[in-house]
Structures are given as structure tokens and as C-alpha cells.
Asks: 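Here you go, one structure.
Start at 1 and go down the list; that is how both ligands and their atoms are numbered.
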Amino acid sequence: MDKTPIDKIIKDLDISASEMRRLVKSFTSEMRRGLSGARSSLKMIPTYASQPTGEETGEFIALDLGGTNFRILSLELKGEGRIGKPAIMSFKLGQKEISGGENNLFDFIASRLKLFLSKNDLLGAKHFLGFTFSFPVKQTGIATGDLVCWTKGFSAKGVIGKDVVRLLNEALIRCGVGNLNISAMLNDTVGTLAAESYEDRNCDIGVIIGTGTNACYSETLSNISGIKNSGSASGRMIINIEWGNFDKLKKTRFDLEVDEMSSNPGEQILEKMVSGMYLGQIAESVIRQTIASPIRGFTTEHMSRIESDVSKDLSNTGRVLKSLGVKTSTLKVRAEVLSICKAVSSRGARIVAACLGAIILKMDPKISSSHTIAIDGTVYEKHPTFAKNIRAGLKGLFGRKASRVKLVLTKDGSGIGAAITAAAASNNRR
Ligand code: BGC
């Protein structure tokens, strides 16, 4: 068992005010480099989408794929920011789809789309579909783009470097579905931004903090290199930052261990310090190496339970530890475990706050306007202090001006936003 005092480890996980400012600078410089086409850990992908007007109308189908569960929705956009109640079906991918060949994944999705259409009486007439595909995709248009790399443990073969819209279209044809027109492909952050800004015109940032993490924002067209004819009337375009890959962060040996064990070592360094797939793994690595070696299978959900423990003797923490192989624990051990969890989660939230700070300052250096940030994802929604710590981090950076920044939980925005983006794209096409 390692003899490094817990206090020292907790201090190493802390992000001081000056480190926050360094992160803001470094994130800004990586954003600029990415936008100009220079080498950067931030992909800064032009999405060919802009903020919706709120006046998009019609019936649309949305496919939302970004993790082991995917959803299919059909919904009516009524204009003036109003949305009808969607019909939704959810499905779970198996290992065969997540790590098998390309046809396994796309044929499965196409077959479930067919099922959804038939259950909802939507086979036959033509429908526009918005396809949320939440992985790094190098887009070349609103409905074309090649997968750059897999994240979040996915490894289906034969997809990297290919146009995912084409793969889905081909699978739909194989499956006998001929009435869907995929008019938009988008990242879940873009869907989240679209869903919130359909109602709130100040929304210009979309964020996901769930299994994976990422953000997008609205950028002036002239700042984006390589974009010629975008068809954007607003003179702006949403940029998918792919912030999960930001790598100018101080790593502890626990981070290095988690990275080494992952399916994509050396990549998605920020994601591995912030998102739900990894927070629990980092905490487990610290706990296992310092105070409770038998512990196994610690997840971010366990962290949330421990950090919600308000009992005097930390008995809930004891119960969580017991369920993970630590048969008995002293109060001291339970308190140390709690401190470790807090240190790991608040580091994640402060990293998010610094990156958000950089994005806001990039759009609005004096913070003279109001900004709404649409956020979705289980970590943001369910962790007891993550959201609060992001707000505190922004307050530390911006002082009183932080009140001009509103954080809004935008539940299921990635599906609804797909319909809105498909609507905007199909209107442009008509
Ligand atoms: C992906 C992003 C996605 C994020 C949240 C990351 O792993 O690279 O494209 O937006 O997860 O789902």
C-alpha cells in the first residue's frame, strides 16, 4: 500500500485559482489553433449548423446514438419555440454492435428504425431524419462526415474514416426502408444547444457531461478557416470543439493508470478527468493504491452516493465500500474515501468551468451580453455537487459578471435538437 499521505494526493488533485487562469489561456490558444487549421488537441469541427430561429416547423424523426443506449423519436415542431410530445423508443446495443463489424452496428440500428416506423404508422410517406451521432466526426456538410476515431469504449470495425450517414443509408436500404431522408447529422452537444436555443435566443453553448464529455459553441464564420460556402445566413456556425481530447492538463499517476487501461490510451485526456465513464475509475485507483486495496468496480454512481452521504458515521459510505469488497471500514477510512471522491469530482467540475470560461471570453471578451449554456448528461444532472462546483468555478473566474452566464439542464436535448437541426436543414434544401 502506498504511503503517500492522502492530504498530499488531494492537494495534487486540486486546481488552484491560478491554475484555472492558466487553463483558460491554454484552452483559448488551442481553440484558436484548431480553428486556423494548425495542430491542436482540439479538433474544432465546423458543423454546418447554426443556431435555430425558433420558427422551424413540421414533423421529424430523430435518431440519437452516442452510447450503449440509443433512442428514436418522432416529434412535431410547432414554431415559436413550441414542441409537441414526442413518441420515443429506446434500445440497447450489445457487444456485437459496439465492437463488431460496421454492418452489425448499422444493420441493428436500421432494423430498429424500421420497427419504430412501423409501430408509429410512419412507413410509406417520406420523412426527414436528424441523426445525432456523438463521436468525433469530420463533417464536410450538414449531412456528411467521416468518423475520426471512436471514444467511450466503442470499437466497431470498419467505421473510422467512413461517412456515417452513408453507412446508415446503406443499412436502411438493406433493411428495406426507403422513405427516410437523413437531412442532418450532428453531435449531441449541437443537439443540446439547438434544443435550448429553440426557446432561449441567448443560448450559444451546448455541453454534455455524461459517459463522455464535449462542448460546442457559436463562432463567427470569418474565424473558421477552410469554410467557403456554408449557406449560413447568420454569418455564424456552430463549432464542435471535441473538448474531451484537450491535453494541456496536469496528470497524476492515477490519471496515467486509467489512461493506460483504456481502449484509447493517450487520447481524450480531459474526458478521462471529467466524464462519468472515468471519474469512478480515477477515484478507485486512488482508493485502491492508498487505503483499501480490495476495492473493485467503483463507478461514478458510487461516487455520487458517497458524496451524498450526510450520516454522522458515514454509514452509507461504509455500505458502498462493503458492496465493493471492503468488508469492514473504520470511520477514518470512510472519511478519507469521501475526501478522495470530492477531490476527484471537484477537479472535473473546475476543469469544465475553466473551459467554459475560455469559450465565453472567446465569443464575448468583456462578457457584455447574457449567455445561456445548455447542459445535459448524467454527471451534470445526478452528481450532488458537480453543477454547483462549475458555477463556483465560473464565479471565481468572472466575479460578478458570472451572473450573466446561465447554466440550464437541457434534458434529452440531443434528440429534440436533432429534429430541429433536421428541420432547419430541410428548409434550406427546399
Ligand atoms: C465524443 C463527443 C461527444 C461526447 C459526449 C465524446 O466521447 O467524442 O463527440 O459529444 O462524448 O457524448
Side-chain angles (χ1 to χ4, degrees), residues 30 34 40-49 62-71 93 98-99 105 130-139 145-156 159-161 164-165 184-196 205-217 238-247 258-259 262-279 281 300 348 351-352 355-356 359 373-383 386 409-418 421:
E30 287 287 279
S40 167
S41 62
L42 297 177
K43 295 186 181 69
M44 304 300 284
I45 301 169
T47 65
Y48 297 83
L63 165 64
D64 183 5
L65 170 71
T68 40
N69 295 308
F70 71 94
R71 299 182 313 151
L93 296 174
I98 292 171
S99 55
L105 176 63
F131 177 21
T132 303
F133 183 75
S134 307
F135 299 94
V137 168
K138 177 96 192 63
Q139 286 192 237
D146 300 347
L147 177 66
V148 181
C149 57
W150 283 120
T151 57
K152 297 178 275 195
F154 271 65
S155 61
V159 190
I160 293 176
V164 288
V165 174
M185 187 226 335
L186 57 147
N187 188 259
D188 49 359
T189 56
V190 177
T192 303
L193 186 156
E196 187 59 37
I205 301 181
V207 178
I208 301 285
I209 313 169
T211 308
T213 185
N214 187 15
C216 70
Y217 73 107
I238 297 170
I239 294 290
N240 168 13
I241 302 177
E242 285 294 334
W243 81 10
N245 198 46
F246 181 64
D247 63 0
V258 168
D259 181 40
S262 70
S263 62
N264 52 352
E267 288 168 26
Q268 298 293 99
I269 298 301
L270 177 144
E271 181 157 275
K272 288 170 186 161
M273 297 186 181
V274 166
S275 81
M277 182 152 177
Y278 304 99
L279 283 177
Q281 293 183 27
T300 306
I351 292 173
V352 167
C355 300
L356 287 174
I359 300 169
I373 307 177
I375 314 193
D376 198 5
T378 42
V379 174
Y380 183 78
E381 187 190 354
K382 304 231 165 94
H383 185 278
F386 211 91
L409 173 68
T410 307
K411 271 202 69 68
D412 302 331
S414 52
I416 295 164
T421 311

Asks: To which protein heavy atom is atom 12 (O) of ligand 1 closest, and what is the distance rounded to 0.1 Å?
Replies: D188 OD2, 2.6 Å
Asks: Determine the minimum heavy-atom distance between M44 and Y217, stating which atoms define it.
Replies: CE-OH, 3.4 Å
Asks: Measure the spacing between CG of N240 and NZ of K138 and express it to the nearest 0.5 Å.
Replies: 10.5 Å
Asks: Drop me the distance from N264's CG to K152's NZ, to the nearest 0.5 angstrom.
Replies: 11.5 Å
Asks: Angle class for the H383/F386 ring planes (parallel below 30°, perpendicular above 60°, tilted otherwise)?
Replies: perpendicular
Asks: What atoms of ligand 1 come within less than 4.0 Å of a heavy atom belonging to F135?
Replies: 9 (O)
Asks: If you count the atoms of ligand 1 from 1 in the order shown, which ones are under 4.0 Å from a heavy atom of N187?
Replies: 2 (C), 3 (C), 9 (O), 10 (O)
Asks: Give yes if a backbone or side-chain nitrogen or oxygen of K152 is under 3.5 Å from a nitrogen or oxygen of ligand 1, and no if not.
Replies: yes
Asks: Within the 4.0 Å heavy-atom shell around Q268, which atoms of ligand 1 are there?
Replies: 7 (O), 8 (O)
Asks: Please report the closest heavy-atom contact between L93 and L65, naming both atoms and the distance.
Replies: CD1-CD1, 3.8 Å
Asks: Does an N or O anywhere in E242 fall below 3.5 Å from an N or O of ligand 1?
Replies: yes
Asks: Among all protein heavy atoms, pick the one closest to atom 6 (C) of ligand 1 and tell me residue, atom and distance.
Replies: E271 OE1, 3.1 Å
Asks: I need the minimum non-hydrogen distance between P46 and I239, along with the two atoms involved.
Replies: CA-CD1, 3.8 Å
Asks: What do we get for T213 next to ligand 1 when only non-hydrogen atoms under 4.0 Å count, side chain, backbone, both or neither?
Replies: backbone
Asks: Heavy atoms only: give me the nearest S414-R71 pair and the separation to one decimal.
Replies: OG-NH2, 4.3 Å
Asks: Using a strict cut-off of 4.0 Å, indicate which atoms of ligand 1 neighbour a heavy atom of P136.
Replies: 8 (O), 9 (O)
